[in-house]
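A short worksheet on the structure shown next.
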2 protein chains.
Amino acid sequence: MGTIYDLAKKTGFSITTVSKALNNYKDVNEKTRAKILKAAAEMDYLPNAHAQSLSTKKSWAIGVMFSEANEVGMKHPFFNGIIESFRHATEEQGYDLMFASRNLRNRDMSYLEHFKHRAVDGIVVICSDRMDEQVQELMQSDIPIVVVDMDSADCSVVYSDNIAGARLAVNHLYELGHRKIAHIAGDRTIDAGATRIKGYELAMQALDLPIEPGYLINAGFFSVEEGKQAMEKLLQLEAPPTAVFVAGDQMAIGAIEAVHEHGLRVPEDISIIGYDDIDMIKYITPKLTTIRQDTDEIGEAAAELLIEQMTAKERLTERRVIPVKLIERLSCAPVKK
Amino acid sequence: MGTIYDLAKKTGFSITTVSKALNNYKDVNEKTRAKILKAAAEMDYLPNAHAQSLSTKKSWAIGVMFSEANEVGMKHPFFNGIIESFRHATEEQGYDLMFASRNLRNRDMSYLEHFKHRAVDGIVVICSDRMDEQVQELMQSDIPIVVVDMDSADCSVVYSDNIAGARLAVNHLYELGHRKIAHIAGDRTIDAGATRIKGYELAMQALDLPIEPGYLINAGFFSVEEGKQAMEKLLQLEAPPTAVFVAGDQMAIGAIEAVHEHGLRVPEDISIIGYDDIDMIKYITPKLTTIRQDTDEIGEAAAELLIEQMTAKERLTERRVIPVKLIERLSCAPVKK
DNA sequence: CAAGTTACCGAAAGCGCTTTCGGGAAGAGG
DNA sequence: CCTCTTCCCGAAAGCGCTTTCGGTAACTTG
């Protein structure tokens, strides 16, 4: 490939001039620029990114940190959707994504350390346990950062309007005539879990509906299995709910399984509404009614906030709340008389 | 954070000695190493990766290229599983993953160019159209590379045993009494599509079963929608099959939808077996019988082959074929008499 | 005690690029 | 014809690190 020095030798100009020609400085004659560009193409010259970063202090790389809370890594469809759209948006601006580990050669180090080592221009953290020390450390640092699916006053954040989403869900069930509405919740240590609980409580209150004992049930970390277990407990109640708002689609799938195993039907015997609108729920039986989170929009917003910070070179703490939408499918029906 | 120079000044040693202490050279006294390490910890010193790469010619980064054939990007569960396990395996060795775009600032460039620019140590390409020029270019290059889900004599590859997988599927249906077995196939330009077709043909032949006209149907690029359309064509045949081997789970989901929409039942009226064993198929109705690809194993094998090449510093062209497994669920049943 | 090892440390060059700053040539103005 | 701009170009320093090679001090050995 050759270096800029080879290019200089080949064209007869100095490396300074070559560098300037390549970087569109204005103090280089159009003809010499043309010559240099031509020569560069001929010898397949490509600038070395490390050398560039070293001298410009800009790496054009964005570090991404996934929460590994429930070991899902990049497998979770919701986060995948976000990261995919985030990637598209940042790519357009010339940034590459770097997935760093906590492991530098044999030494282990924190994510922050690793990102500093790599000298990334910015960091995106996708969905996280707000108590995670690693995340806290990142938010505390002075590297531009945007956090997704979690609120914080310390840095730019973007997340879905979970309060509105919960209200949408509860109201939908209410309009179908349901009054005994339970909530299978995500853990409160997760922002999404906590705010959906809050939204549920507010919505119930606004409708003057009491929350029966046992109706608000923690199902942990959004897995199918946990959703199933939670539903089973609900079904064992003296007066089981006629409708359940579930804080995540995967949990909702588990809930439906539990209902079926009890010989009951969804939605005839019990209505279920999920949250997220992941792809697969269109294909389960019954097709799941849910609250759609706009992953494209979230990813783009995150990219926007981060790029803004990186170019402004100053710490911003903007908060972007992305609207959600009720998607009606077949898992909710009017309450049985 | 400071540089190695600051560390030198602080400890009173030369930067040479500091560097050596940090890199475990043996010609530095244990006591001075201890001092230096202590000072490094105190001032939160972290080596700059760009500077290191520049002088060592090693970046500890692996470039990953996703096929974007059907625009799924990182959303496809099968590839996600692979990349996730690949990540774990390479992470342990100290490598980070870099998702590069084809876009360098405003100039657009090929993946190969981008990876050269970034000076990655190796490349992994996940699943691809074998005709893709970009992929060809990568395989032709002299950067260590491993290709997943596709065969080639030009570089190291790892893929599932699709021939055996297809045979497993067809034999399973045969044993249930089916003789009219169709195949909803992936496109032949995709390696996985082509070899599963091959496997289907071989298996049918071995069982002395003819492939009726129309029974081998191309459903393109593995989407739900294409699978559905293919199934509809199958159902319109004079003598529709009693069982269908579908080359991918998503297509199988579509196929099931089509069957249901025709007022028929799976597996009572028609048996369906998929391929992949993605998570969601455990939750659809009926739970899908399928051929499981071991994504963990594939990812690890890919990591192993790549790391081997990177450390050996020579081009290897090993081929690793990962075994598959029949997972029996509820979408296949004995043929109706 | 002289000569030969061994252990430890540092000067300096180099990795490939950017950017400041100064200088020469050509053109403009009086 | 002389001075002042403007336009191009290049020398050199610097980004933060690694590694070769040589040198000094301390330690053996006979």
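Numbered from 1 within each chain, the chains take letters A, B, ... in sequence-line order.
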Original post:
Over how many whole Å does the gap from B:Lys58 atom NZ to D:dG16 atom C1' extend?
Top reply: 20 Å
Subject >> Polar pair under 3.5 Å, donor/acceptor by atom type, side chain A:Asp27, base D:dC8 >> reply: no
Subject >> Whole-Å distance separating the OH atom of B:Tyr25 from the P atom of D:dC17 >> reply: 15 Å
Original post:
Phosphate oxygens OP1/OP2 of C:dG10: is one of them under 4.0 Å from a side-chain N or O of B:Tyr5?
Top reply: no
**OP:** Take the protein atom NZ of B:Lys26 and the nucleotide atom C1' of C:dT6, then report the distance between them rounded to whole Å.
**Re:** 15 Å
Subject >> Donor-acceptor under 3.5 Å (B:Asp121 side chain, B:Ser59 main chain) >> reply: yes
**OP:** Keeping the roles fixed (side chain from A:Asp6, backbone from A:Thr3), state whether a donor-acceptor pair exists under 3.5 Å.
**Re:** yes
Original post:
Between B:Thr17 and B:Thr56, which is nearer to the 5' end of DNA chain C once each is assigned its nearest nucleotide?
Top reply: B:Thr17
Original post:
Is any side-chain N or O of B:Asn48 under 3.5 Å from a base N or O of D:dC15, one able to act as donor and the other as acceptor?
Top reply: no
Original post:
Across the strands shown, which category fits A:Thr32 at heavy-atom distances under 4.0 angstrom: base, sugar-phosphate, nothing?
Top reply: sugar-phosphate
**OP:** Run the numbers on B:Ser19 and B:Thr16 for side-chain hydrogen bond (donor to acceptor under 3.5 Å, both in side chains), then give the verdict.
**Re:** CA-CA 5 Å; B:Ser19 173; B:Thr16 308; over 6 Å; no
**OP:** Could you check whether B:Ser19 gets within reach of a base, just the sugar-phosphate, or nothing at all, counting any heavy atom under 4.0 Å?
**Re:** base
**OP:** Using atom CG of B:Asn23 as one end and atom P of D:dT19 as the other, report the distance to the nearest whole Å.
**Re:** 7 Å
Subject >> Flag for A:Ser85-A:Glu300: side-chain donor and acceptor within less than 3.5 Å >> reply: no
Original post:
D:dC8 C1' sits how many Å from A:Lys35 NZ, rounded?
Top reply: 13 Å
**OP:** Grab the CZ-P distance between A:Phe13 and D:dA11 for me, whole Å please.
**Re:** 13 Å
Original post:
To the nearest Å, how far apart are A:Leu54 CG and C:dT18 C1'?
Top reply: 10 Å
Original post:
In terms of side-chain geometry, is the basic nitrogen of A:Arg315 or A:Asp142 positioned less than 4.0 Å from the acidic oxygen of its partner?
Top reply: no
**OP:** Would you state whether a donor and an acceptor, one from the side chain of B:Thr16 and one from the base of C:dA12, lie under 3.5 Å apart?
**Re:** yes
**OP:** Mark yes or no for a side-chain to base donor-acceptor pair under 3.5 Å between A:Lys57 and D:dG16, with no hydrogen or angle criteria applied.
**Re:** no
Original post:
Under 4.0 Å between a side-chain N/O of A:Gln52 and OP1 or OP2 of C:dG16, yes or no?
Top reply: no
